[in-house]
Amino acid sequence: MALPAIEFSEDQAEAWDRLAEVLRAAGVDPDEGSLSPEAPGKPSVLAVVGKAGSGKTMLLASLYKALVEAGVEVVSGDYEGRKRKDRRTLAILAPTNKAASVLRNRGVPATTIHRILYTPVYDPQYERIAEWLAGQGERPEVEGLTDTALDRAKAFYDVVKSIPGALAAAGLRGSDFIKGWKRREEPLDIGFVDESSMLDERQFEDLKEIFPTLVMFGDPAQLAPVGQSGEMVFDKLSEGRRLVLHRIHRQADDNPILDLAHALADPDLTFPDFERMVEDAARRDDRVQMAQRVEAGLMARSPVLVWRNVTRIKLIQAFRSAYGAPPDALLPGEPLICDGIELPLKHRKKRIDLEARGLIKGAQVIYLGPGNKPGFSKLYVIGAEEPRLSAASIIKIEMPGEEEPFIPSAARMGAAFLHGAAVTIHKAQGSQWPTVQVFAPDLWVAAQMGRMEAGLPLWKRLAYVAITRAEHRLLWVVRNRLGRPTEPLGVEDLSTGTAPLALEAE
């Protein structure tokens, strides 16, 4: 097979050649489209690093297509089928559901790291359906399922390669066909990890145990995970293991947002200079706007990005007040952020079940309404393959000047949530939204404090991460004001998805 019919830059072509060399040593040739049985050898870890727009995702997508054409099987984490000696596998991973959904929207079947670390145990009766959908068995006859239901499952799977999603389309609940979850014991083959700047050391070590060939894709200008002294896991790799992409491909589209992001690399650039650049860009292009206030209507689906927690809490309260939210309840449509799973160790299986459905820490969620049981909430998990579910919830809304949060919904144990109308820039990493609001007064405070991180002014790292979260439009908010919404809050904009899955967390 010839090199993909894509116009690679010189540095992308060099990265492709280096990666192809490593993959050939592992028995997969992306250029010739050939496979050989996996041969035990020395594990290989490489990183492809570059700033926003440098073509990391394009390179990852091209490699994925070449490996699939060569016969490599993509592992999604929801079902793996029977093991074969000659099988070669590829898993494409991201740290969060949101980051994985960004890749899926570009035609790359990504899943979360958590879904690979833990694998489902299927009921034998329904495993026959999974084998059929995966092309490893004949169409089954299953008691209680009609031909029409099986046809719905097949139609879903042909569009979205998700076994749980297909079974849900057939009218089954997760508890019908998944009997439990187990930590992965057997290694896989090849792993591609996007947004690897978000990885911590423990995740990195877990991934190296699972994948003999591991390739990380990351942006060195982003913020390192908290507690890692500004270092990212790929910073410790030797120079020959880090493939650097320099050319900014999307600048060919005259993207003013990326122009601003890359201007931050100038060591002499001050905060006032940068704001003048934003103002100049706003005069030339409507994709950038100097906003005099935060727009409440945008906060419902695209959180305003801030640096300080005190700003986040104030903006959340202003958002709820603007929509007339009662002090003792949530309105359908209010955004939430999963803050983890609060379950004791004896409920480990239930914790894994919740996390496997997308409720991992940092997941963006929309509140749909109260559940059928006290303490339960109906939720929509942004970026999840099966977004609608019902779960025992502990929802916390922090109040300005109060140490203890207000809790409008609380089960004894379950998934914990914070309000998501505003989030810190650290938590926004790995996510993208069509329109992003950046609260500039917070970045001005960071600039005034003169704080540094890994040798760079902190405000520049914050600004870089914040503005590169915008896919199409950037609002640089310069005043501490909130614009009132023009429409009531609702959930009509959310896709129907599959039927809610009841997750018994109590």
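Along the sequence shown, the residues carry numbers beginning at 1. Computed from a prediction, not measured in an experiment: that's the story for all the values here.
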*Is a donor on one side and an acceptor on the other found under 3.5 Å between the side chain of Asp442 and the backbone of Arg308?*
yes

*Considering all heavy atoms, the nearest Leu199-Val233 contact*: O-CG1, 3.7 Å

*Report yes if some heavy atom in the side chain of Leu298 is under 4.5 Å from a heavy atom in the side chain of Val304; otherwise report no.*
no

*How close do Thr270 and Trp459 get, heavy atom to heavy atom, and via which atoms?*
C-CZ2, 3.7 Å

*Residues in side chain to side chain contact (heavy atoms under 4.5 Å, CB included) with Ala421, at least two apart?*
Met299, Ile316, Phe319, Pro335, His419

*Under the side chain to side chain donor-acceptor pair (under 3.5 Å) test, which residues partner Gln429, sequence neighbours left out?*
none

*asked:* Surrounding CH2 of Trp444 (heavy atoms of other residues, nucleotides or ligands, distance under 6.0 Å), is the total greater than 12?
replied: no

*With a cut-off of 6.0 Å (strictly less than), are more than 12 heavy atoms of other residues, nucleotides or ligands near NZ of Lys208?*
yes

*Mark yes or no for whether Arg473, through its side chain, and Arg287, through its backbone, hold a donor-acceptor pair below 3.5 Å.*
no

*Using atom types as modelled and distance alone, determine if a side-chain donor or acceptor of Glu209 lies under 3.5 Å from a backbone N or O of Asp206.*
no

*Please name the pair of heavy atoms, one in Ala52 and one in Lys56, separated by the smallest distance, quoted to 0.1 Å.*
N-NZ, 4.3 Å

_So for atom CD, which belongs to Glu138, do other residues, nucleotides or ligands contribute more than 12 heavy atoms lying within a distance under 6.0 Å?_
no

*asked:* Within the 4.5 Å heavy-atom criterion, are Met232 and Asp235 side-chain neighbours or not?
replied: yes

*Do side-chain atoms of Arg469 reach the backbone of Ile425 as a donor and acceptor pair under 3.5 angstrom?*
no

*Heavy-atom closest pair, residues Val45 and Met216*: CG1-CE, 4.1 Å

*Just do the salt bridge (Lys or Arg N to Asp or Glu O under 4.0 Å) check on Glu69 and Lys65 with the steps written out, would you?*
CA-CA 6 Å; Glu69 288 179 14; Lys65 291 175 183 176; over 6 Å; no

*Listed partners of Trp307 passing ring-ring contact (aromatic ring centres under 6.0 Å, His included), at least two apart*: none

*Within a strict 4.5 Å, meaning less than it, do heavy atoms of the Glu195 and Gln222 side chains meet?*
yes

_Donor-acceptor under 3.5 Å (Ser36 side chain, Gly27 main chain)_ = yes

*Got a donor-acceptor contact below 3.5 angstrom from the Thr89 side chain to the Leu188 backbone?*
no

*Is there a donor-acceptor pair closer than 3.5 Å between any side-chain N or O of Asp266 and the backbone N or O of Ala263?*
no

_Give me the atom names and distance for the closest heavy-atom approach of Pro30 to Val28._
CD-O, 3.4 Å

*Does the side chain of Val423 reach to within under 4.5 Å of the side chain of Leu305, using non-hydrogen atoms?*
yes

*Mind checking the CD-OG spacing from Glu471 to Ser302? Nearest 0.5 Å is all I need.*
9.5 Å

*After noting the C-alpha distance and the side-chain angles of Leu133 and Lys154, does the key distance pass the side-chain contact (heavy atoms from CB on, under 4.5 Å) rule?*
CA-CA 6 Å; Leu133 293 172; Lys154 184 68 166 60; 3.9 Å; yes

*Which residue pairs pass the ring-ring contact (aromatic ring centres under 6.0 Å, His included) test with at least one member in residues 188-212, sequence neighbours excluded?*
Phe192-Phe217

*asked:* Can you give me the closest heavy-atom contact between Phe439 and Val306, atom names plus distance?
replied: CB-CG1, 3.9 Å

_Less than 4.5 Å apart, side chain to side chain, heavy atoms only: is that true for Leu264 and Leu269?_
yes

*Please list, chain by chain and in numerical order, all residues satisfying side chain to side chain donor-acceptor pair (under 3.5 Å) with Trp433, sequence neighbours excluded.*
Gln364

*asked:* Taking Val74's backbone N and O only, do any of them form a donor-acceptor pair with Tyr64's side chain (distance below 3.5 Å, no angle check)?
replied: no

*Charged N to carboxylate O under 4.0 angstrom, Arg18 versus Glu14?*
no

*Just wondering, do Leu63 and Leu90 contact through their side chains at under 4.5 Å, heavy atoms?*
no

_Lys51 side chain vs Ala221 backbone, donor-acceptor pair below 3.5 Å_ = no

*Can Arg301 and Leu494 be said to form a side-chain contact (heavy atoms from CB on, under 4.5 Å), step by step?*
CA-CA 10 Å; Arg301 298 294 179 266; Leu494 302 176; 4.0 Å; yes

*How are the rings of Trp476 and Phe271 set to each other: parallel, tilted or perpendicular (split at 30° and 60°)?*
tilted

*asked:* Under the rule for side chain to side chain donor-acceptor pair (under 3.5 Å), what residues qualify as partners of Arg104, not counting sequence neighbours?
replied: none

